2 protein chains.
Amino acid sequence: MAEQHYRIGEFAKLVGLSSYTLRYYEDQGLIRPQRDGNGVRYYTTQDIRWVGFILHLKGTGMRLNELKRYVRLRAAGDSTIAERRAMLQQVKVDAEADIAELQMHLQVLGHKIDWYDGKIDHSIPDAESFHDYLQKFQD
Amino acid sequence: MAEQHYRIGEFAKLVGLSSYTLRYYEDQGLIRPQRDGNGVRYYTTQDIRWVGFILHLKGTGMRLNELKRYVRLRAAGDSTIAERRAMLQQVKVDAEADIAELQMHLQVLGHKIDWYDGKIDHSIPDAESFHDYLQKFQD
DNA sequence: AAACACCTTCAAGTGCACTCTAAGGCAAGC
DNA sequence: GCTTGCCTTAGAGTGCACTTGAAGGTGTTT
């Protein structure tokens, strides 16, 4: 049986992007769908995987410009593998730093929530400010 | 000794925001600095703490609009503590979901990096696509 | 007296990634 | 034959959070 292929509307639903966005990504050189005799786009299961990967990259904070560079390197063949690996590594390091920062902020948020709980059930004296309370966690 | 206070330029450096942004935040009702007889803004150590907390909230993904609402509740007094707590709790839950998603994307990214490593040192056969390779981690 | 940091209002510009409209046209299905 | 879904180019609009500029002013320091 021939490989599955989808027109833009169906494909859009499949990958969770709008047709607009798919055409936009194509404009930007990120996707290269096939065309039938009438110029209508056809996407294959390969394209599903590729868009899926794009979404993973975007999901880790990669920008369109970096993505474009990545695609150019990919198109240039195996000689660019080391460079592509380095790009992904950088994205990974950055994303891990983002997570660490986010968790740091979350920790303060958590303390504030606990402080509110203390205020609500009066286990924290009325006079104790959040700033005072926070001092207890300086480590 | 009187409490420390800073003019906008100094304060900006102190908290890592621009003077523009500080005036903008004031416009938006997030900060209420004092003024001297000439109308010049003065920020106190209290303001440092408050801006610090704002930055924690922003750092966890809270939007200016939510922040404004939070500030309004705060100004309304202790009767809004439960509501404020609920807001922070929601922000926390959302941020934790963001982290989980980010980590999921990062995992794929990590696999891709490993796959590149395999390609570079030829421990992965040339014929094995990333998609094939990924199947090994379906659990 | 000039430089500097601050003040005001109001509006426009920036960056990013879409998102949509306009205005025209083709091909398949009911 | 009409609707639906697709095609094109070009450009405008959206949302968010700033960021800057214009154009005038005041007060303090050198």
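Reminder, nothing fancy here: chain letters follow the sequence lines and each chain counts from 1. Below, all heavy atoms of this structure are taken into account, side chains as well, without hydrogens, waters or symmetry copies. Nothing here was measured: the structure is a model prediction, and the numbers come from that model.
For the pair A/Lys68 and C/dA17, the criterion of a side-chain N or O lying under 4.0 Å from OP1 or OP2 is not met. The phosphate of C/dT9 has neither OP1 nor OP2 within less than 4.0 Å of any side-chain N or O from B/Arg23.
Comparing atom distances between the A/Arg63 side chain and each of C/dA17, C/dC7, D/dC7 picks out C/dA17 as nearest. Here D/dT20 is the nucleotide among D/dT20, C/dC6, D/dC6 with the atom lying nearest to any side-chain atom of B/Tyr20. In this structure, the nucleotide among D/dA17, C/dT8, D/dT19 sitting nearest to the side chain of B/Arg35 is C/dT8. Of all nucleotides listed (D/dC6, D/dT19, C/dC18), D/dT19 comes nearest to the side chain of B/Thr21. Looking at the side chain of A/Leu64, the nearest of the listed nucleotides C/dC18, D/dT19, D/dA17 is C/dC18. Closest to the B/Arg7 side chain, of the nucleotides C/dT21, D/dA17, C/dC6, is C/dC6.
Using a 4.0 Å cut-off between a side-chain N of Lys or Arg and a carboxylate O of Asp or Glu, A/Glu26 and A/Arg35 qualify as a salt bridge. The pair A/Glu83-A/Arg74 fails the salt-bridge criterion, with no side-chain N (NZ, NE, NH1 or NH2) lying under 4.0 Å from an Asp/Glu carboxylate O.
Counting non-hydrogen atoms of other residues, nucleotides and ligands closer than 6.0 Å to CZ of A/Arg49 gives a total above 12. Within a 6.0 Å radius of NZ in B/Lys13, no more than 12 heavy atoms belonging to other residues, nucleotides or ligands are found.
Residue B/Gly9 is the one, among B/Gly9 and B/Asp27, whose nearest nucleotide of DNA chain C lies closer to the 5' end (criterion: closest heavy atom). Nearest-nucleotide assignment on DNA chain D puts the 5′-proximal partner with A/Ser19, out of A/Ser19 and B/Met62.
Taking atom CG of B/Asn38 as the reference point, atom C1' of D/dG25 lies 12 Å away to the nearest angstrom. Summarising the geometry, the separation between CG on A/Leu17 and P on C/dC18 is reported as 8 Å, rounded to the nearest angstrom. When rounded to the nearest whole Å, the span between CG of A/Leu55 and C1' of C/dA17 equals 13 Å. Straight-line distance from the OH atom of A/Tyr24 to the C1' atom of D/dA12: 15 Å, rounded to whole Å. In this structure, CD of A/Gln28 is placed 14 Å from C1' of C/dT19, rounded to the nearest angstrom. Note: CG (A/Asn65) to C1' (C/dG15) measures 11 Å, nearest angstrom. Here the C1' atom of nucleotide D/dC16 and the CD atom of B/Glu66 are 13 Å apart, to the nearest Å. Summarising the geometry, the separation between CZ on A/Arg41 and P on D/dC7 is reported as 4 Å, rounded to the nearest angstrom.
In summary, the aromatic rings of B/Tyr116 and B/Phe130 are positioned with their centroids too far apart to meet the 6.0 Å limit.
Residue B/Tyr42 is classed as having no contact, given no heavy-atom separation below 4.0 Å to the nucleic acid.
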